[in-house]
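First up is the structure itself, then whatever we jot down about it.
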Amino acid sequence: MIPAVRRRPPAARLTRALLASPLLASLALTAGLLLAAPAQAGIDDYQLGQGLELGPINLAGYSSVTAALPDQGHKSLAIDDLSLFISGHVTSLVNPFVEAELTGLDLTRWGGDGDRHRDGYVVLERVYNDIYLPDGFTLRAGKMLAPVGEWNQIHAAPLVLSTVRPAVTYRNFSEYATGLSVLYADPAAALPDIQVYWQPAEELSARPDSIVDNRYRLVQGAHVSVPLALLDKVGLSFQRSVDDQGTEQHLYGLDGHYTVDRLTLQGEWTYSTLSGPGTRTRSREWGGFLSPSYALDDQWSVYGWYEIYSGRLQDAAAQDLLGGVAYRPHPAMVFKLEYVQNVGGRPVNPTGLFASWSVLF
Amino acid sequence: MPRHRLMALLLSGLALAGPVRAEDIVIIAHPSVALTRSIGVGEVAAIYLLRTTVWPDGHPIVPVNREIASDLRRKFTTLVLRQDPGSLAAYWNEMHFRGKFPPLVQESEQSVLAFVERVPGAVGYVSGGIPLPADVHVVARVTVPDGWSPNNGGPP
């Protein structure tokens, strides 16, 4: 994904900040599990997109190379994401998951002035353990993606609609929660899927200030998703958070995904109220995007979205239109080419041409 | 798997009694899987759609699938999972990112048999005409309608 207007700091400072002990400890734990795991399957069983099974451990990840050609400012060809995730299903009590990611590494950069080559940085995206409880319940402890909307939960480039990410899917809430969560999934998919979560203190291995808008020291919320079909659903989100400036935020969200034959409609909307201290020009934040996509055949599709987004510091709501085409030669591999046009307000995503090649491996 | 669900599955009509035809689908599990009853199509689908992830004794379920080109996989996808292959591939990719293992692919019936026999918690499917090792458990049978084929079939 392209967080288009966020600045990326130099690698040395980031690496020191992010290669903190939790990441090393998590990787060491997973490496230990790998070494202890009896080989039940191996490289011969590898299928692109399904990871490498090593007994109860699965090694997988995704990569995304992105070309960003905004009309103004810097152009770049970059490794936007190189992610490795390791998951294990050992017993009902031991189901660890770790994801680490290299992001924002410029392969080449030109145009614009005053900015520097991005050297990339490593982030610890997720580290948690699941305990499977009876009757479809799961208890999760650790750092996880906050279930606000759908995009944030499946934000890997090969899985999402477009190269450029709508602002409403990440800008105005805590994308992560470090703490406890209870998830419910009805095996028959007849009842809603539910997740409640609670982060009582600072985020584990938080990304640096230079690339995040807000740091959260309390996060709690819930997401309810009503399955309509295998991929179709309607979801409701709630999140209460307090950031490090003391701003308290209450977010309410709606997301949906619905398919009719070759046409898919999806979208997310959020509305937040803000109170307490903190820098802002308004006490409400809101936004939403609506996206149609149409499958021309099994490999080609066209897509677009319209977004309106009003952040806490914006004097006028940003409005963007995007149109693109996707080619998917394999279910785990996709090429996207798209154009974004800012049609109102101060741009959140810049006008220009964007392309990406991403693979789930 | 809750007890009431197992009972519901028992009542769902997938009894193990009766002859198995070569065109039917037989669902098999590792010898350690301790089920005293057959399970139903809905519960098999819940396993392959990664909604049921542990056996009643708490051990992780390891579902096994056939390769995309397999006629048996198309039959299983249509009659048991009741999904189209494209949506299913996208769904499994999403679930994988969420930390669930998609079904592992084995490229022949003998490979499925060997995997299920070897890996604790494994569950797979084979054709009705395949001789089964004595120690694997048959947990369900799916009767395929007469004349059904991947090209003319659809969800019954």
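No experiment lies behind these values; they were computed from the predicted model shown. Residue numbers begin at 1 in each chain, while the letters A, B, ... track the order of the sequences.
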Taking A:Asp193, A:Asp298, A:Asn95, A:Thr138 one by one, which has the highest count of heavy-atom pairs under 4.5 Å against chain B?
A:Asp193

Between [X] and chain B, which part of the residue has a heavy atom less than 4.5 Å away: side chain, backbone, both or neither?
| X | answer |
| --- | --- |
| A:Pro147 | neither |
| A:Leu145 | side chain |
| A:Arg126 | side chain |
| A:Ala295 | neither |

Region of [X] in contact with chain A, defined by heavy-atom distances below 4.5 Å:
| X | result |
| --- | --- |
| B:His59 | neither |
| B:Glu107 | side chain |
| B:Leu49 | side chain |

With a 4.5 Å cut-off on side-chain heavy atoms, are A:Glu53 and B:Val62 touching?
no

Using side-chain heavy atoms (C-beta onward) and a distance below 4.5 Å, is B:Asn93 in contact with A:Pro331?
yes

Would you compute the distance between atom [atom1] of [X] and atom [atom2] of [Y] and round it to the nearest 0.5 angstrom?
| X | Y | atom1 | atom2 | result |
| --- | --- | --- | --- | --- |
| B:Ile68 | A:His330 | CD1 | NE2 | 6.0 Å |
| B:Arg98 | A:Gln153 | CZ | CD | 4.5 Å |
| A:Ser87 | B:Lys100 | OG | NZ | 11.0 Å |

Identify which of B:Gly99, B:Gly121, B:Ala89, B:Ala122 forms the greatest number of heavy-atom pairs closer than 4.5 Å to chain A.
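When all of B:Gly99, B:Gly121, B:Ala89, B:Ala122 are compared, B:Gly99 has the most.
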
Which heavy atom in [X] sits nearest to a heavy atom in [Y], and how many Å separate them?
| X | Y | value |
| --- | --- | --- |
| A:Ser92 | B:Gly58 | CB-O, 3.2 Å |
| B:Arg51 | A:Pro227 | NH2-CG, 4.0 Å |
| A:Gly49 | B:His96 | O-ND1, 3.1 Å |
| A:Phe97 | B:Phe97 | CZ-O, 3.9 Å |

Can you confirm whether more than 12 heavy atoms, excluding those of A:Phe335, are under 6.0 Å from its CZ atom?
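Enclosed.
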
Run through A:Leu360, A:Leu230, A:Leu231 and flag the one making a side chain to side chain contact (heavy atoms under 4.5 Å, CB included) with B:Glu94.
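That would be A:Leu231.
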
What class does the angle between the rings of A:His89 and B:Phe101 fall in, given that below 30° is parallel, 30 to 60° is tilted and above 60° is perpendicular?
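Tilted, since the angle between the ring planes falls between 30° and 60°.
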
